[in-house]
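Below is one structure; the comments refer to it alone.
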There are 2 protein chains.
Amino acid sequence: MSKSSVTPARTKRVGAQLTPEAIIEASLRIAARGSADAFTVRRLGEELGADPTAIYRHFRDKDELLLSVADRTLGEVLDSIPDGLDWKDRLRALAAGSLAVALKYPAVSSIMASRTTRRTNEFRVVELILGAVTEAGLDGAEAAVHYRMVGDSLLAHVGQRAAYLLLDPESRAGDESSWNREYRLVDAHGFPNITRLAQQLAEVTDDQIFHARVEALITAIEQRAAAVREA
Amino acid sequence: MSKSSVTPARTKRVGAQLTPEAIIEASLRIAARGSADAFTVRRLGEELGADPTAIYRHFRDKDELLLSVADRTLGEVLDSIPDGLDWKDRLRALAAGSLAVALKYPAVSSIMASRTTRRTNEFRVVELILGAVTEAGLDGAEAAVHYRMVGDSLLAHVGQRAAYLLLDPESRAGDESSWNREYRLVDAHGFPNITRLAQQLAEVTDDQIFHARVEALITAIEQRAAAVREA
DNA sequence: CGCCGTTGTCAACGGTGTTGCGCGAAGTCG
DNA sequence: CGACTTCGCGCAACACCGTTGACAACGGCG
């Protein structure tokens, strides 16, 4: 105890087959395969060529591993954002990057939709959004609330899309075709708007929705900043 | 086949202990208890005083039951919306009602955040939102996209809040305290905005965020309608 | 009455995350 | 250099999950 607590960092065995890094990378490889139930401890062991339970020597439980993996994907998002953009385009780039990464690792981001990693890359994302709303002209409590609005909305939308990707094929088929089936058959008297817009509802694309949601966030910040400036 | 298809409704046994109704109500009772893993087939059997697998005589699988239960909760939402509101207040009432129901049955709405029930009450909600955006002045593809924006955003936010409620206590404690712990300790040079706004970030309430998100949706519809009117 | 479909029970299957035990090798120290 | 400790790993097992198939009891109907 006396000596080991003096040099705790050196305790690492050189010949350790598994490292947190290797486990995280294997997790990403599995998550990228996309199939719904892909990311299990046993499959992770398979991918690593090791016993599944060996993972527990490096992460307390699957949740802690997941947080680490998720933070790694946040790093990918940040790397995709170019410098020199104004606040609006920075938020747009963040949104687009988040979506791309979420669709790349759906198993991860669907679970993380309502979590925080509390790790370094998350701090960088928070800083980025706060910088954007600050540049837009908000500060103090206003900035804090609008950061949370942007962060939570982005996370939620991206998690939604990822979760949808993970649905078993039959459930997804049911959801997908509903606009062309169930919604076409509703009673025209009771549901005039659905009846009138059935065709357009079936034609809406995910990208249109995503665009509308992102622009709504930007507009909201803009409006609030304008109101503050006036006061 | 010939006779049973003539009177399919009468096939019901009079003495049937279990009915779809009873199962849905038991599910709601369990979901309302709130604990994370509460809603399992075995616990449902316990609540019903029957064998867990008896449920499969009335629902194809747990997913189908879940869709039915979710649609029932949508009914509760609709019942909470008063008549005679203009489109903005109708959307606000829908949002508030959805949140209230989601927090009442977190186990249900957290799973349903990226699903559609394709059942009657969902049609009514869709009709309601479409009516609102129509009243706001949108039509055709514009109305369809903005309906999806509102519907998906609402579902996502509400599912997020519900999922958070279901987190095991230690994870939730970690997430909750992070604004007062990890975020207070970041490097002031690398993260000036976080450092400056740490106090305000810790003080943001869920209701403030919810309000901001709902108003952002309304503002976006308003702006789009104004732009369309001008053209 | 006797058939038959419906409904509940029971045991079991394959899957999940997780833990306790033992082994063997790497690092430390007399 | 040998003994001792430490620790990463494999193995077997546990509790729980959703789901299935066989079987028994029961009611309605010919």
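None of the values given here were measured: they were computed from a predicted structure. Sequence lines set the chain letters: A, B, ... in the order given, protein chains first and strands last, and positions in each chain run from 1.
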Whole-Å distance between [N] [atom2] and [X] [atom1]?
{"X": "Phe39(A)", "N": "dG15(C)", "atom1": "CZ", "atom2": "P", "answer": "19 Å"}
{"X": "Asp168(B)", "N": "dC16(D)", "atom1": "CG", "atom2": "P", "answer": "17 Å"}
{"X": "Asp51(A)", "N": "dG22(C)", "atom1": "CG", "atom2": "P", "answer": "17 Å"}
{"X": "Leu66(A)", "N": "dG17(C)", "atom1": "CG", "atom2": "C1'", "answer": "13 Å"}
{"X": "Leu44(A)", "N": "dG10(D)", "atom1": "CG", "atom2": "C1'", "answer": "16 Å"}
{"X": "Ile55(A)", "N": "dT19(C)", "atom1": "CD1", "atom2": "P", "answer": "13 Å"}
{"X": "Tyr56(A)", "N": "dT16(C)", "atom1": "OH", "atom2": "P", "answer": "11 Å"}
{"X": "Arg43(A)", "N": "dG14(C)", "atom1": "CZ", "atom2": "P", "answer": "15 Å"}

Could you pick out which residue, Lys62(B) or Arg57(B), lies toward the 5' side of DNA chain D when each is mapped onto its nearest nucleotide?
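Final value for this comparison: Lys62(B).
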
Selected nucleotide, minimal atom distance to Leu18(B) side chain, candidates dG10(D), dG18(D), dG8(C):
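Nearest listed nucleotide: dG8(C).
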
Short side-chain to backbone donor-acceptor contact, Asp175(A) and Ser178(A), under 3.5 Å
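The answer is no, because no donor-acceptor pair under 3.5 Å joins these two groups.
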
Main-chain N/O of Asp152(A) paired to Gln160(B) side chain as donor or acceptor, under 3.5 Å
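Yes; judged by distance alone, with no hydrogens or angles, the pair exists.
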
Any side-chain N or O of Gln17(B) less than 4.0 Å from the OP1 or OP2 oxygen of dT7(C)?
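For Gln17(B), the contact criterion (side-chain N or O under 4.0 Å from OP1 or OP2 of dT7(C)) is not met.
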
Under 4.0 Å: is that the gap between some side-chain N or O of His58(B) and OP1 or OP2 of dG8(C)?
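Answer yes for this pair, as a side-chain N or O of His58(B) is under 4.0 Å from OP1 or OP2.
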
We want to know whether Tyr183(A) and Glu122(B) form a side-chain donor-acceptor pair, criterion being a heavy-atom distance below 3.5 angstrom.
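The answer is yes; a qualifying pair exists.
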
Just checking, any donor-acceptor pair under 3.5 angstrom between side chains of Arg184(B) and Gln199(B)?
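Yes - a donor-acceptor pair under 3.5 Å links their side chains.
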
Pick base, sugar-phosphate or nothing for Arg60(A), based on heavy-atom distances below 4.0 Å to the nucleic acid.
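It contacts nothing in the nucleic acid.
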
Within 45° cone and under 6.0 Å: Lys62(A) NZ/CZ vs Phe39(A) ring:
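Cation-pi check for Lys62(A) and Phe39(A): passes.
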
Suppose we call a contact any N or O donor and acceptor under 3.5 Å apart; does that hold for the side chain of [X] and the base of [N]?
{"X": "Thr53(A)", "N": "dC9(D)", "value": "no"}
{"X": "Thr40(B)", "N": "dC16(D)", "value": "no"}
{"X": "Arg42(A)", "N": "dG15(C)", "value": "no"}

